> 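Just passing along the structure, written as structure tokens.
Each chain gets a letter, A, B and so on, in the order its sequence line appears, and its residues count up from 1. This one's a predicted model, so the numbers in the text were calculated from it and none came from an experiment.
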Amino acid sequence: MPEELPKTYNSTEVEDKIYKRWEDSGFFNPDNLPGERTEPYSIVLPPPNVTGILHMGSALMLAIEDVLIRYARMNNKKALWIPGTDSAAIATQARVEKDISKKESKNRHDLGREELLKRIDRFVEENKATILSQIRAMGASVDWSRYAYTMDGIRYRAVMAAFIRMYEEGLIYRGNRIVNWDPKGQTTISDDEIVYEERKTKLYTFRYSKDFPVSIATTRPETKVGDTAVAVHPDDARYKKYVGKEYDLEFAGVSIHIKIIADKSVDPEFGTGALGVTPAHSTIDWEIAERHDLSKKQVINEYGRMTVGGENLLDKKVTEAREFVVQWLKENGLLEKEEEIIQNISTAQRTGGIIEPLPKLQWFVNVTKKIHGRNKTLKDIMRDPVASGEIKIIPEHSTKTYFHWIDNLRDWCISRQIWFGHRVPIWYRDQEIKCSIEKPAGEGWEQDPDVLDTWFSSALWTFSTLGWPDQTNDLATYHPTTILETGYDILFFWVARMIMMSGFHLKQVPFKTVYLHGLVRDEKGRKISKSLGNNIDPLKMIGKYGADAVRMSLIIGTTAGTDSKLSEPKIRGYRNFSNKLWNIARFILMSIPDSTEFQKSLLTTEDQKLIDDLAVVSQDITKDMEEFRFYMAGEKIYHYIWHAFADKIIEESKVKLTSEDPAIKASAQRMLLEILVTCLKLLHPFMPFITEEIYSKLQIPDKQLLMVEKWPE
RNA sequence: GCGCGGUUAGCUCAGUUGGUAGAGCAUCCGGCUUACAUCCGGAAGGUCGCAGGUUCAAGCCCUGCACCGCGCACCA
């Protein structure tokens with residue numbers, strides 16, 4: 001006689017127990033999976049920030065990927081899902097620095113590089129457990145034996161190897177160029193780490209001096225002390241006569257030399273049609289200066305302060321300097337117009353600091369250089385597999401966005417002026433430069449102080465997690481990975497760079513399919529943010545309604561590439577569904593008194609038809625799974641279980657179960673059990689805990705864990 | 001400026017190759033029927049953003065427009 005189930009399903013009691021059972025089985029590791037399995041199926045988990053806490057976005061990612069991997073496992077694949085965590089360089093360092101500043105009133109320079117790194121490591125170690133336990137709480141069936149951290153030893157070797165190979169190929173170079181300087185974070189950032197914000201600002205129209213023949217317009221008068229030219233369009237009749245003339249002027253107490261030049265990049269319609277060229281503090285101006293061989297005078301430093309001028313200017317913040325220069329223009333009768341305009345300003349994604357373009361000597365990845373012996377650039381390597389369909393991006397329209405990004409792509413600035421990260425393996429001695437992990441032989445070598453952009457190491461993730469640069473079995477078996485599932489917001493940061501790195505280092509794509517999910521928003525469609533206080537905490541919801549309910553609420557109603565809205569009532573709805581399923585099982589266990597006898601019973605034609613009907617549903621769901629329509633597969637099984645199985649089949653079976661005719665009764669019992677088992681299998685990838693728990697209560701011969709049972713035909 | 005997506009029931013969203021509009025939640029009515037009140041039975045609710053076009057047939061295809069969101073570029 002089977003034990004009687006409690007009236008309501010208690011997720012908290014079940015979940016820890018079941019997860020432990022799964023882990024103890026060893027089946028998360030594909031090497032231990034039962035049966036003959038030849039076809040590999042692999043996913044790398046986009047590594048969450050090691051010091052972070054689980055938010056609904058990560059919960060969505062874990063839910064979808066677990067659906068994928070469980071489905072693959074039930075389909076007899078060598079299913080591998082590699083877990084990992086990300087060091088999140090700038091974010092983590094900033095966090096630790098803030099703590100230290102608060103508790104000890106010290107900054108990083110007081111501590112020194114080594115001590116700070118020690119503190120960060122300790123902080124990471126202390127916080128790591130949190131995110132890992134949260135991954136477990138979601139039911140994620142990751143192979144913990146292959147856990148990777150972006151800053152661990154194996155990944156360090158991979159990053160070094162990648163850098164050195166690209167340096168030797170000439171793809172990584174050092175260049176003095178205008179870079180995006182974040183004065184708040186005190187580091188350079190890449191073009192992709194810029195967030196544009198619309199702000200009101202003033203556009204000033206003025207002349208450098210009374211004698212200067214041309215007026216110019218600017219939103220940043222303080223930078224004009226760094227001007228070395230005025231550029232006009234070559235066809236602009238108003239200014240033709242001045243082109244080629246040079247002037248020595250005194251501007252706001254600073255001597256400047258201005259040459260009037262003609263350049264096609266100038267828009268004659270904007271402002272006065274004449275552009276004051278500030279080579280050292282504007283990307284466009286830098287390019288103009290390159291074309292016309294102008295000098296590039298830097299007037300602002302890394303702290304956003306002026307480096308020229310008298311006491312009213314020198315060492316002042318740019319905002320103060322701006323006021324002074326405007327005042328000076330007014331006093332000298334040079335200001336002609338002052339108007340409000342809306343401008344897009346560049347801010348740093350991580351710190352919010354306003355970007356100050358500055359010329360700096362930095363390390364770059366060249367994306368337009370032909371690779372030796374391959375007649376391809378890194379841009380080609382990124383574009384080709386997507387264009388040919390070797391990599392499929394879901395939703396498909398993201399492909400356009402992807403190409404658009406590649407078309408506009410410039411060289412990637414990869415050096416950062418922070419301490420936490422993979423240090424640039426470059427050594428200097430006088431005029432010598434060497435690229436190596438270890439300090440070169442001999443005296444006087446100094447290592448480059450910078451570390452690499454965190455996305456540089458992330459870009460290697462599909463193969464660094466498999467042991468590269470060693471030619472491991474895992475690498476041979478599981479790379480290219482089957483599918484990459486991640487948020488559309490990191491298509492450029494991560495997906496594109498992985499395609500680049502894998503294409504260059506392995507001559508392979510990193511994955512065959514990219515599935516992009518959207519943002520999880522609150523019930524009003526707003527972004528989740530601390531200031532709005534609208535965060536729905538996944539762990540709290542798991543505690544209240546169960547991980548299965550949270551998973552279902554995230555997956556259903558979410559299509560690829562679109563943002564989804566989540567609310568507590570939605571989660572509650574799926575908790576109710578858990579309970580419904582629980583009671584279906586309870587009813588069936590109560591109606592089937594004993595063991596395996598009836599499993600050999602003959603089915604009535606009516607009962608057989610019910611089973612055949614389910615087979616149709618099952619095939620339909622399988623098709624949805626194969627075509628990545630998880631939301632639909634989930635909804636269909638939900639609908640079948642509740643409104644077909646429970647509402648109709650079970651209700652109608654009540655008569656059969658009390659029938660005088662033992663054949664009818666036995667047939668009904670067999671039918672109910674078979675349908676239940678099929679439903680549990682179909683639902684398992686979505687709601688793994690409750691299905692596993694119910695399955696464990698059934699008396700079935702040759703039963704294994706549900707997680708490794710065969711997906712219904 | 002270039003591009004992408006969205007606009008379907010009060011709310012959140014489905015609608016896979018064009019074939020009589022769907023789900024959940026909310027609402028209303030009725031039910032403690034011995035699996036489940038975290039439930040059961042029933043009802044109401046939609047000119048599918050607007051305007052044209054193709055078609056025997058359009059939520060779905062084509063053209064234009066509007067509004068919302070997003071990406072990129074510009075940003076003197």
> Among B:C74, B:G71, B:A14, find the nucleotide with the atom closest to the side chain of A:Thr401.
B:G71
> Rounded to the nearest Å, what distance is computed from the NZ atom of residue A:Lys570 to the C1' atom of nucleotide B:A14?
11 Å
> Heavy atoms only, 4.0 Å cut-off, all strands: where does A:Ser591 land among base, sugar-phosphate and nothing?
nothing
> Charged N to carboxylate O under 4.0 angstrom, A:Glu674 versus A:Arg670?
yes
> At under 4.0 Å between heavy atoms, what does A:His643 touch on the DNA or RNA strands: base, sugar-phosphate, or nothing?
sugar-phosphate
> Starting at atom CG of A:Asn10, determine the distance to atom C1' of B:U38, rounded to an integer number of angstrom.
13 Å
> Is there a side-chain contact between A:Asn576 and the phosphate of B:C39, meaning an N or O under 4.0 Å from OP1 or OP2?
yes
> Taking only the side-chain heavy atoms of A:Gln343 (C-beta and beyond), determine which of B:C75, B:A14, B:C36 contains the nearest atom.
B:C75
> Would you say A:Phe206 and A:Thr218 make side-chain contact, with heavy atoms under 4.5 Å?
yes
> Thinking salt bridges, do A:Asp285 and A:Lys296 make one under a 4.0 Å N-O criterion?
no
> Under 4.0 Å, heavy atoms only, any strand: does A:His404 hit a base, just the sugar-phosphate, or nothing?
base
> Could you check how far CE of A:Met552 sits from P of B:A23, rounded to whole Å?
17 Å
> Looking at A:Asp613 and A:Lys648, is any side-chain nitrogen of the basic one under 4.0 Å from a carboxylate oxygen of the acidic one?
no
> Between the side chain of A:Asp563 and the main-chain N/O of A:Val520, is any donor-acceptor distance below 3.5 Å?
no
> A:Arg586 has a side chain; which of B:C75, B:A14, B:C36 sits nearest to it?
B:C36
> Just call it for A:Arg410: base, sugar-phosphate, or nothing, with non-hydrogen atoms closer than 4.0 Å on any strand.
sugar-phosphate
> Indicate, with a heavy-atom threshold strictly under 4.0 Å, whether A:Asp647 touches base, sugar-phosphate, or nothing.
sugar-phosphate
> Using a cut-off of 4.0 Å on non-hydrogen atoms, how would the nucleic acid contact of A:Thr219 be classed: base, sugar-phosphate, or nothing?
sugar-phosphate
> How many whole angstroms separate atom CG of A:Asp285 from atom C1' of B:C74?
13 Å
> Please state whether the base of B:U38 and the side chain of A:Arg572 form at least one donor-acceptor pair under 3.5 Å?
no
> Thinking salt bridges, do A:Asp607 and A:Lys656 make one under a 4.0 Å N-O criterion?
yes
> So what's B:G24 paired with, Watson-Crick or G-U wobble, going by both distances under 3.5 Å?
B:C11
> Taking the six-membered ring of A:Tyr638 as reference, does the cationic atom of A:Lys580 (NZ for Lys, CZ for Arg) lie under 6.0 Å from its centre and within 45° of its axis?
no
> Which nucleotide, B:C75, B:A35, B:C72, lies nearest any side-chain atom of A:Phe587?
B:A35
> Round to a whole Å and report the spacing from NE2 of A:His397 to C1' of B:G6.
10 Å
> Of all the nucleotides listed (B:G3, B:U16, B:A23), which has the minimum atom distance to the side chain of A:Lys400?
B:G3
> Between B:G24 and A:His639, is there an OP1 or OP2 to side-chain N/O distance shorter than 4.0 Å?
no
> Has A:Lys580 got a side-chain N or O lying under 4.0 Å from the OP1 or OP2 atom of B:C36?
no
> Which one is paired to B:G1, where only Watson-Crick or G-U wobble pairs with both distances under 3.5 angstrom count?
B:C72
> Calculate the interatomic distance between A:Lys636 atom NZ and B:G15 atom P; express it in whole Å.
10 Å
> When you measure from the side chain of A:Arg629, which nucleotide among B:C36, B:C74, B:U16 comes out closest?
B:U16
> Consider the side chain of A:Lys565, meaning its heavy atoms from C-beta on, and name the nucleotide among B:U16, B:C13, B:C40 that approaches it most closely.
B:C13
> Check this for me, if you would: do A:Glu287 and A:Arg410 make a salt bridge, where the nitrogen-to-carboxylate-oxygen distance has to be below 4.0 angstrom?
yes
> With a 4.0 Å cut-off on heavy atoms, is A:Glu651 in touch with a base, just the backbone sugar-phosphate, or nothing at all?
base
> Does A:Ser398 place a side-chain N or O at less than 4.0 Å from the phosphate oxygens OP1/OP2 of B:C4?
no
> Between A:Ile393 (CD1) and B:G71 (P), how many Å, whole number?
18 Å
> Students often get this wrong, so: under 4.0 angstrom with heavy atoms, is A:Val266 touching a base, only sugar-phosphate, or nothing?
base
> Would you mind telling me which of B:U38, B:C75, B:G71 lies closest to the side-chain atoms of A:Asn579?
B:U38
> For A:Ile284, report the nucleic acid contact type (base, sugar-phosphate, nothing); a contact means any heavy atom under 4.0 Å.
sugar-phosphate
> Using a heavy-atom cut-off of under 4.0 Å over every strand shown, decide if A:Ile216 touches base, sugar-phosphate, or nothing.
nothing
> Once you round it to whole Å, what is the distance between C1' of B:A35 and CG of A:Leu581?
11 Å
> Under 4.0 Å from OP1 or OP2 of B:G24: is there any side-chain N or O of A:Tyr574 that close?
no
> What nucleic acid atoms does A:Phe577 come within less than 4.0 Å of, heavy atoms only: base, sugar-phosphate, or nothing?
nothing
> Reckon A:Lys654 touches a base, only the sugar-phosphate, or nothing at all at heavy-atom distances under 4.0 Å?
base
> Pick base, sugar-phosphate or nothing for A:Gly271, based on heavy-atom distances below 4.0 Å to the nucleic acid.
nothing
> Under a 4.5 Å cut-off applied to non-hydrogen side-chain atoms, are A:Leu554 and A:His517 in contact?
no
> Is A:Trp642 close enough to B:C40 that one of its side-chain N or O atoms is under 4.0 Å from OP1 or OP2 there?
yes
> For A:Ala585, which contact category applies under a 4.0 Å heavy-atom criterion: base, sugar-phosphate, or nothing?
nothing
> Counting Watson-Crick and G-U wobble pairs only, both distances under 3.5 Å, name the nucleotide matched with B:U47, or none.
none
> Scan every strand shown for a Watson-Crick or G-U wobble partner of B:A35, both distances under 3.5 Å, and answer none if you come up empty.
none
